[in-house]
Amino acid sequence: MHLKFQNLVEIAAKLRSENGCPWDKEQTLESLAPKVLEEAQELLEGVEKKDITNIEEELGDVLFTLIMMSQIAKEEGKFTLEGAMEKVAQKFISRHTWVFGEDTASTPEEAVALWNKNKKKEK
């Protein structure tokens, strides 16, 4: 899986490179933001229709749009994909104290309550 993910990152970099795609090279974080919503809406429609083929395709489109945005941020010196992934990993570990810590949650409701408590502690 790592190599497939890395392949997507490399494709995004190539599309934005000097010899890449004119359309992709002119994109910005702001211009791609609506694309995230469009792709997420298409993913939601696939889920609602229980269309697994469409869900897989749209999930990939959402993922690639996010990778493209991270490539732009990297080029602009704002942040890296690696940094974003590390932050989200830390967040999910710190908020799932019943999985990665000492708390216990036996029901979805208990899990949500602990998530909210841990989130509030972080803020």
Side-chain angles (χ1 to χ4, degrees):
M1 174 148 68
H2 172 74
L3 292 176
K4 290 178 178 158
F5 187 83
Q6 183 61 35
N7 189 40
L8 291 177
V9 172
E10 290 169 5
I11 289 168
K14 176 85 172 165
L15 290 171
R16 301 259 317 152
S17 72
E18 185 178 325
N19 297 320
C21 170
W23 185 87
D24 289 300
K25 290 191 305 189
E26 78 172 12
Q27 297 312 301
T28 64
L29 292 174
E30 295 78 14
S31 70
L32 287 179
K35 300 289 183 201
V36 174
L37 292 177
E38 289 171 24
E39 297 298 349
Q41 182 60 44
E42 291 173 6
L43 174 60
L44 177 61
E45 290 168 9
V47 170
E48 289 170 347
K49 293 176 184 174
K50 298 182 180 3
D51 182 345
I52 299 302
T53 301
N54 186 251
I55 293 169
E56 181 182 39
E57 178 183 345
E58 298 305 335
L59 185 64
D61 289 348
V62 170
L63 177 60
F64 190 75
T65 302
L66 298 175
I67 290 171
M68 184 65 81
M69 291 179 81
S70 73
Q71 176 63 30
I72 293 167
K74 178 181 176 182
E75 292 168 8
E76 295 175 351
K78 293 180 177 174
F79 63 84
T80 65
L81 179 59
E82 293 84 356
M85 290 189 312
E86 179 61 30
K87 285 181 180 179
V88 75
Q90 289 173 358
K91 176 170 67 174
F92 275 82
I93 290 169
S94 71
R95 291 189 187 171
H96 283 89
T97 52
W98 59 98
V99 176
F100 301 103
E102 300 298 320
D103 291 330
T104 58
S106 303
T107 67
E109 295 79 16
E110 290 173 347
V112 169
L114 283 168
W115 171 276
N116 289 331
K117 178 184 128 204
N118 293 333
K119 181 178 179 179
K120 191 174 184 177
K121 266 197 282 188
E122 291 174 6
K123 301 291 178 178

Assigning hydrophobic clusters by single linkage (Ile, Leu, Val, Met, Phe, Trp, Tyr; side-chain heavy-atom cutoff under 4.5 Å), is [X] placed with [Y]?
X    : Y    : answer
F5   : I11  : yes
W115 : V88  : yes
F92  : L114 : yes
F79  : L81  : no
M85  : V62  : yes

Would you compute the distance between atom [atom1] of [X] and atom [atom2] of [Y] and round it to the nearest 0.5 angstrom?
X    : Y   : atom1 : atom2 : result
L66  : L32 : CG    : CG    : 9.5 Å
K87  : Q90 : NZ    : CD    : 8.5 Å
K78  : M69 : NZ    : CE    : 10.0 Å
E102 : T97 : CD    : OG1   : 9.5 Å

Would E10 and K14 count as a side-chain contact (heavy atoms from CB on, under 4.5 Å) here? Give the steps. CA-CA 6 Å; E10 290 169 5; K14 176 85 172 165; over 6 Å; no
Can you find a pair of side-chain heavy atoms, one from [X] and one from [Y], that are under 4.5 Å apart?
X   : Y   : result
L29 : E76 : yes
K49 : N54 : no
V9  : F64 : no

Between E56 and L59, does the side-chain contact (heavy atoms from CB on, under 4.5 Å) criterion hold? Intermediate values first, please. CA-CA 5 Å; E56 181 182 39; L59 185 64; 5.9 Å; no
Steps toward side-chain contact (heavy atoms from CB on, under 4.5 Å) verdict (E110, T107): CA-CA 5 Å; E110 290 173 347; T107 67; 3.2 Å; yes
Check the orientation of H96 and W98. Use parallel for under 30°, tilted for 30 to 60°, and perpendicular for over 60°. tilted
Looking at every heavy atom in both I55 and L43, which two are closest together, and how far apart are they?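 Heavy atoms of I55 and L43 come nearest at O-CD1, 3.6 Å.
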Nearest non-hydrogen partners of D103 and K117, listed with the distance: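 Residues D103 and K117, closest heavy atoms: OD2-NZ, 4.3 Å.
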Donor on one side chain, acceptor on other, E122 and S94, under 3.5 Å: yes
Return each pair, listed once, that meets side chain to side chain donor-acceptor pair (under 3.5 Å) where at least one residue sits in residues 58-73; pairs must be two or more places apart or across chains.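 Applying side chain to side chain donor-acceptor pair (under 3.5 Å) to every pair that reaches into residues 58-73, excluding sequence neighbours, yields Q71-E75.
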Can you run down the side chain to side chain donor-acceptor pair (under 3.5 Å) pairs that involve residues 21-39, sequence neighbours left out, and say none if there aren't any? Q27-S31, T28-E30, T28-S31
Under 3.5 Å, is there a donor-acceptor pair between the side chain of N7 and the main chain of L3?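 Not confirmed, N7 side chain does not pair with L3 backbone.
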